[in-house]
Amino acid sequence: MSAAAANGAAAGTAIVINQLRKGFYLDSVALMRFSRSIAAMPGVEEAALMMGTPANRRIMADAGLLNQTGEAAGGGDLILAIRAKTRPSAEQALTQSQALLDQPAAPGVGATAWRPRTLRAAVKHLPEANLALISVPGDFAIAEARKAIRRGLHAMIFSDNVSLAAEAALKQEAQTLGRLVMGPDCGTAIINGAPLAFANNVPRGAVGIIGASGTGIQEVSCLIGQYGGGISHAIGVGGRDLANEIGGVSTLMALDALASDAATAHLVLISKPPPAAVMARVLERVAGMGKPVTVCFIGAGIMPMPVNATQVFSLKDAARTALGLRQNGDTTPLKAPSDIRAPAERIAGQNTVRGLFSGGTLCAEAQAIFIAADARVASNAPIPGAGQIPATPPGHQLLDLGDDSYTRGRPHPMIDPMVRDQPIIDALSDGAVAVILLDLVIGFGAHHDPAGHLAATVMTHRQQDGPVVIASVTGTEADPQIRSVQIAKLEAAGIHVAPTNADAAAWSLLAAGPTVAA
Amino acid sequence: MQRIDDANRQAMDRILSADPVLVDVIPAAEAIPTLQDRMILHAGPPVDWERMCGPMRGAVAGIAVFEGWAADLQEAEAMAGAGAFDFQPNHHFDAVGPMTGMTTAGQWVMVVENRRFGNRAYCTINEGLGKVMRFGGNDAEVLDRLRWLRDSFGPAMGRALRSGDGVPLKSLVARGLSMGDEMHQRNVACTGLMLRALAPALAATADDTAGLSKALAFIGGNDQFFLNIAMTMGKAIMDPVRGIDGSSLVTAMSRNGTDFGIRVSGTGDTWFTAPVEMPEGLYFPGFTEADANPDMGDSTIVETIGLGGFAMGAAPAVAGFVGAGSASDAANFTRAMGEITYGDNPEWSIPGLDYLGVPTGIDIRLVVETGLAPTINTGIAHREPGIGQVGAGVVRAPMACFEAALQAFAASVGVA
């Protein structure tokens, strides 16, 4: 390679510079890309880097780019040709052209990964896959799920807004095909150690979880990990699986699957209280499975259980029972830390708890704790025994901010904690509120730093003699946000952090005092 | 569903079992007996003079002068406007043509025979790069080259081919794919392989060494010489796939610079058309996208058989016309086309993609379902007559063709 002397010639008032690189070949598309970037430089009228074939030389001549230097080029020579308004512009462009030719290609720069657009292509690409996670607008979710099960895949449907009839038809077809449908509206699952959608990095172990609720599965699986146990699988079934119209198809299939799964020694079943007929069918299946089962129907009263089943009334007790840490009838002592301001220190009228939850089942568990303590409580998502907001007069209010009525057209508070800011700010300045009760859910899919955001909001808007703030963090040390780091950020902002959601609810009742008790 | 699956399997079998061989070069009038005097075959679905784009009008004027129907370009245009010429699509006459795709009785055409099914397809000889008729060029130099192809090169190539048993194309294309050709933008390797195959017979049958030398130099100096052979091959492969009741596979994609048209096996010879789109690409010095004519040519027959944009992974540089131009981009184009095709062609594989076969058999149902339109690699003509090529790039087939075809197809299989 040798560079002939730059040779300038005037074309009208413009400067034309040609330079040759003898015996230098580069692909024509690459050269066209270089040409385009040189032609776009300031003061440059036209530019081309082309191999000196007769056809190319003619194109360059027609474009007013060629002088004697370029005309002398052979087909194996590269011509650098620039026409510019001034000589400095032309020389700058020539320097830049040389730099482009000489720059070593950076390996991997611009590399893009291929993402299959359809299930068909994905299955072809990954033939050993046996599960499809479906997250598309609800109108299309059933069609995609049907394609999945007909291709022999189990399906997890993150999408919501699917009709009950469509869900029922899909699950019936899946049942005949022997495929499990998790969802619709299934936010959490851990299959063979793989966390799907909103889930936490929990240790593997002998406890299998089946849940109609995402945050319920998250809290129980995290607590099991915290207490030294681990999870074999956590199977979400969707919030409506136990409705009469669906009949618990997926729950029953999941029970069968975990019953025959060698890695699963103990099962936990989490749901809202199902209708009687479905409950009977589920408990009948539980009775026949030959493994111990912990049943947590949040909000249900005491029910007769099969001999291998234990009923519990909180997520915390579900985790403890599954690990054999709790005997029947044992109750956790409720004792708030001494540094939480005592009821006696409250100013007049400050006597209610305002719970602002991102997790629906965490909100339900808190209600159950309140009701068990005979405290009158209302919610936008009430469990049996709680009042319905807004029909109920003010008192303890435990709100599920992840409920559809709050999230329509907005992100879920687990994804975007800003959604919870205004209710927190309102509660901080509400003279009737003694305690603000919060949950914080971390893990895959959740916001990268919810505690940092919450701490800032509370510190900015806290009032003199305002309510105390009590929270719990659902997550693990192995989660991307790191549970202890999140707790430290909350505590640094003066927020009291309870070890579990159930404990946080109990603390908040103690801190608010008995004023509103029924 | 079963009926469609069976029909598509049969269509795919016909594509994969084709045996295309370049056998001859003969006058178009001999190859296509129905090609009458003053009949002009053009690229794409049917189009009349009023709706023809600039470069196609320029090519029409040029070919009329070449054929001796008009004394000059002005007279030719006046005659065209007055209805003196019978315009017909190449595809209706077992033929294809690149860009403007002019085919007339006095030109010589290459003949590819599909020996598995016995059908033949025809295409003119590639003129080279720069100012050429397929890009709308029509000056004396363009016409002189056409005359040389007719009087000297075409007959010489025909003699050479007839002296042997023809050149089998499937294995030649397979080698070209492994050497960096995708057979639409890149035909360097296959042109070289064809030159190697033809040179001994060209020499053995040559009248004079000067003519032979010029013929060899013409092939060797035209990186796109093989394009027209690849197109003829594509037509010869796809014609036996036409008219399989219940098949949703595309048998032709083609553009006339105004409309893009597709044909689907199960709906026979009906064209489903939509306005052509503008390629995204790079331009020769002196030209910009403001000079560009929209998409044109029968050359999309190569995408229809899994080459061109579908085989982008074999020719990573071509992906540089759009986006970042990385090798993984090129591979992704090929993989994406796998989303809309019936299967892969195991005989045409891409080494850089772990010998993945090129995605083959465009299924209109998959195109509409995925919203992924076929990717096409193409040259770009100047929008005015008489100027020629100004760039090259990548373009998508318009989705509306596939939507219209799917509705007609659904009716053809009794689905409302």
Side-chain angles (χ1 to χ4, degrees), chain A residues 16 26-40 44-51 53-66 70 75 79 81-83 105-125 140 143-144 147 150, chain B residues 128-132 141 180 185-186 188 220-223 281-288 313 315-341 343-344 353 356 359 363 366 369-372 377 387-394:
Chain A
V16 173
L26 199 61
D27 178 89
S28 63
V29 182
L31 290 174
M32 286 172 92
R33 290 170 67 88
F34 288 165
S35 303
R36 183 175 60 180
S37 70
I38 299 298
V44 176
E45 293 182 350
E46 190 60 80
L49 282 68
M50 293 181 110
M51 299 305 295
T53 62
N56 285 349
R57 288 205 308 271
R58 185 160 150 187
I59 288 169
M60 294 171 93
D62 288 347
L65 276 168
L66 217 57
I79 308 173
I82 291 142
R83 192 177 78 231
V109 168
T112 51
W114 180 65
R115 295 250 177 271
R117 179 86 68 109
T118 55
L119 263 178
R120 174 178 173 268
V123 165
K124 208 165 144 190
H125 193 60
F140 307 102
E144 291 301 321
K147 286 179 204 163
R150 287 176 184 172
Chain B
L129 303 171
K131 194 185 279 186
V132 286
E141 182 191 338
Q185 296 271 22
R186 288 297 156 112
V188 184
N222 176 5
D223 286 349
L282 297 167
Y283 291 86
F284 296 155
F287 300 103
T288 69
V318 178
F321 282 117
V322 289
S326 67
S328 54
D329 282 345
N332 291 347
F333 274 111
T334 290
R335 290 209 172 92
M337 293 300 98
E339 304 253 21
I340 59 170
T341 45
D344 308 331
L353 294 180
L356 177 71
D363 187 335
L366 298 175
E369 181 191 336
T370 59
L372 273 174
N377 295 342
I387 296 174
Q389 184 173 10
V390 295
V394 175

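Each chain gets a letter, A, B and so on, in the order its sequence line appears, and its residues count up from 1. Quick caveat, the model's predicted, so the values are computed rather than measured.
- Judged purely by atom type and a 3.5 angstrom limit, A:Glu46 has no side-chain atom pairing as donor or acceptor with the backbone of B:Phe287.
- Neither the backbone nor the side chain of B:Thr334 has a heavy atom closer than 4.5 Å to any heavy atom of chain A.
- Proximity to chain B involves both the backbone and the side chain of A:Thr118, based on heavy atoms less than 4.5 angstrom apart.
- When heavy atoms are compared at a cutoff of 4.5 Å, A:Ser28 approaches chain B by way of both its backbone and its side chain.
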Exercise for the section: Run the numbers on A:Lys124 and B:Asp344 for salt bridge (Lys or Arg N to Asp or Glu O under 4.0 Å), then give the verdict. Expected result: CA-CA 11 Å; A:Lys124 208 165 144 190; B:Asp344 308 331; 3.4 Å; yes

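- Panel note: side chain A:Ser35, backbone A:Leu49; a donor-acceptor pair is recorded below 3.5 Å.
- Looking only at heavy-atom pairs under 4.5 Å with chain B, the residue among A:Met32, A:His125, A:Met50 that has the most is A:Met32.
- Closest approach of B:Gln185 and B:Gly393 over heavy atoms only: NE2-O, 3.0 Å.
- With a threshold of 4.5 angstrom between heavy atoms, B:Gln389 does not approach chain A through any atom at all.
- Proximity to chain B (any heavy atom under 4.5 Å) is shown, for A:Arg33, by both the backbone and the side chain.
- Between A:Leu119 and A:Arg150, every side-chain heavy-atom pair lies at or beyond the 4.5 Å cut-off.
- Of the atoms belonging to A:Pro54, not a single heavy atom falls under 4.5 Å from chain B.
- Closest of all the heavy-atom pairs between A:Ala113 and B:Asn332 is O-ND2, 3.6 Å.
- When each of A:Ala47, A:Ala63, A:Ala55 is checked for heavy-atom pairs under 4.5 Å with chain B, A:Ala63 comes out on top.
- Closest of all the heavy-atom pairs between A:Arg57 and A:Gly70 is CD-O, 3.4 Å.
- Ranked by heavy-atom pairs shorter than 4.5 Å toward chain A, the options B:Gly338, B:Gly281, B:Gly320, B:Ala319 are led by B:Gly320.
- B:Asn377 has its side chain out of reach of B:Phe333: every pair of non-hydrogen atoms, C-beta onward, lies at least 4.5 Å apart.
- Proximity to chain B is absent for every atom of A:Ala122, based on heavy atoms less than 4.5 angstrom apart.
- Using a 4.5 Å cut-off between heavy atoms, A:Arg120 contacts chain B through its side chain alone, with no backbone atom that close.
- Counting heavy-atom pairs closer than 4.5 Å to chain A, the top residue among B:Ala317, B:Gly128, B:Gly388 is B:Ala317.
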